[in-house]
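Each remark here refers to the structure printed beneath this line.
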Amino acid sequence: MIRVLIVDDEILMRSGLQRILDAEQDIDVPATCDAREAVGMVLRHRPDVVLLDLRMPGLDGLGVLGLLRARPQPPVVAMLTTFSADQDIAAALRAGAAGFLLKDTAPQQLANAVRVLASGGTVLSPTVATNVVDGYLNSRKPHPRLDRLTDREREVLSLLGEGLSNATIGRRLTMSAATAKDHVSSIYTKLGLTNRVQAAVVAHQSSLSSLDTIGQ
């Protein structure tokens, strides 16, 4: 069972998302809360995935993300936003968010996104992926350290660009999930990256994968 915590300042939005996800047999939303309660709720319920509103009064989504990422074994966090070109999306991805979703994402797409996040994949709403990439690195040039990667690591990076989990990458390349994870860690080290979203963007900018596949 995938445990999800929803953090949003709007009660109606929280309850709507909770109803959608609780309708899925493999997803459970034990609680929803606003920004002030987020850290306490994470400690109490130990969710696999946190859906976090980017724009909230007082302590906003970036502030909550920083608090969660600073804790040992933080949950996977995806940002929720109303705007396809929110200026803080790039900052959230740099801070360690595993992706972002528009609040008007279709119910089944939302459930599928949660599954991808829980499996270690990344989620970028396709309708705004171009804005994210342009705002995130603002460059179409290949990564300057790309030549440090082995051929196998390039293959893994290409699949990271598709938002795939370690298990799926392993199946694609006929290796174990643990071996795929080792390759991912090596890619991070060699390229100076900190998360899968950064790797996905690098894969796109280095023409190792198509932007259209990120998060699908």
Side-chain angles (χ1 to χ4, degrees), residues 1-4 24 26-27 47-51 65 68-69 73-79 89-90 92-101 105 108-130 132-133 136-137 139-216:
M1 185 70 71
I2 302 170
R3 296 170 64 80
V4 179
E24 301 294 320
D26 59 336
I27 299 175
D48 303 296
V49 176
V50 174
L51 299 182
L65 176 62
L68 295 180
R69 293 292 299 171
Q73 300 181 326
V76 173
V77 180
M79 311 305 293
I89 287 174
L93 298 181
R94 288 192 184 96
F100 75 91
L101 294 164
T105 298
Q108 193 55 52
Q109 290 180 340
L110 176 65
N112 288 338
V114 166
R115 296 183 182 102
V116 169
L117 291 164
S119 69
T122 59
V123 173
L124 300 178
S125 292
T127 57
V128 290
T130 299
V132 172
V133 170
Y136 186 45
L137 291 179
S139 169
R140 303 289 292 186
K141 297 180 181 179
H143 194 284
R145 302 179 190 172
L146 199 64
D147 59 357
R148 298 184 183 184
L149 302 184
T150 65
D151 289 341
R152 179 59 93 182
E153 287 168 350
R154 282 173 176 260
E155 291 178 321
V156 172
L157 179 59
S158 175
L159 296 180
L160 284 173
E162 297 182 23
L164 302 182
S165 66
N166 293 338
T168 303
I169 290 173
R171 288 194 295 270
R172 289 275 190 96
L173 299 180
T174 318
M175 63 176 68
S176 68
T179 299
K181 182 178 180 180
D182 288 341
H183 283 307
V184 171
S185 296
S186 179
I187 290 168
Y188 287 178
T189 299
K190 291 181 179 180
L191 300 186
L193 308 177
T194 59
N195 60 54
R196 302 175 81 90
V197 175
Q198 291 179 4
V201 173
V202 169
H204 164 65
Q205 294 189 318
S206 302
S207 300
L208 295 178
S209 67
S210 170
L211 174 62
D212 293 338
T213 64
I214 295 177
Q216 296 181 359

Open item on the list: Test: salt bridge (charged side-chain N to carboxylate O under 4.0 Å, His left out). Region: residues 185-205. Which pairs qualify, not counting sequence neighbours?
Closed with: E153-K190
Open item on the list: According to side chain to side chain donor-acceptor pair (under 3.5 Å), who are the partners of Q109, at least two apart in sequence or on a separate chain?
Closed with: none
TODO: Could you walk me through whether L191 and L157 pass the side chain to side chain contact (heavy atoms under 4.5 Å, CB included) test, one step at a time?
DONE: CA-CA 11 Å; L191 300 186; L157 179 59; 4.2 Å; yes
- [ ] Quick one: pull up CG in L110 and CG in L101 and give me the separation to the nearest 0.5 Å.
- [x] 6.5 Å
TODO: Please assess K181 against V184 for the test side chain to side chain contact (heavy atoms under 4.5 Å, CB included), listing each intermediate value before the final yes or no.
DONE: CA-CA 5 Å; K181 182 178 180 180; V184 171; 5.5 Å; no
- [ ] Specify the closest pair of heavy atoms between S119 and S165, including all atoms of both residues, with the distance to one decimal.
- [x] O-CB, 2.9 Å
TODO: For residues G170 and A180, report the shortest heavy-atom separation together with the two atoms involved.
DONE: N-CB, 4.1 Å
Open item on the list: Show the nearest heavy-atom pair for residues L68 and P74, with the distance to one decimal.
Closed with: O-CB, 3.1 Å
Task: Euclidean distance, M1 CE relative to D48 CG, rounded to 0.5 Å - done: 10.5 Å
- [ ] Can you see which heavy atom on L117 is nearest to which on A78, and at what distance?
- [x] CD1-CB, 3.6 Å
Open item on the list: Once rounded to the nearest 0.5 Å, what's the spacing between atom OG of S185 and atom CG of N166?
Closed with: 8.0 Å
Task: Taking every non-hydrogen atom, the tightest pair across A167 and A177 - done: CA-CB, 3.9 Å
TODO: Any chance you could measure E155, atom CD, to M175, atom CE, to the nearest 0.5 Å?
DONE: 7.5 Å
Task: Which residues share a side chain to side chain donor-acceptor pair (under 3.5 Å) with T179, sequence neighbours left out - done: S176
Open item on the list: Once rounded to the nearest 0.5 Å, what's the spacing between atom CG of L160 and atom CD1 of I169?
Closed with: 4.0 Å
Task: Closest heavy-atom pair and its distance - A97, M79 - done: CB-CG, 3.8 Å
Open item on the list: Taking salt bridge (charged side-chain N to carboxylate O under 4.0 Å, His left out) as the definition, give me every residue that meets it alongside D182, ordered by chain and number, with sequence neighbours left out.
Closed with: none
Open item on the list: Test of understanding: with side chain to side chain donor-acceptor pair (under 3.5 Å), list the residues that count as partners of R154, not counting sequence neighbours.
Closed with: none
TODO: Taking side chain to side chain donor-acceptor pair (under 3.5 Å) as the test, write out the residues that go with R115, two or more places apart.
DONE: E24, D26, N112
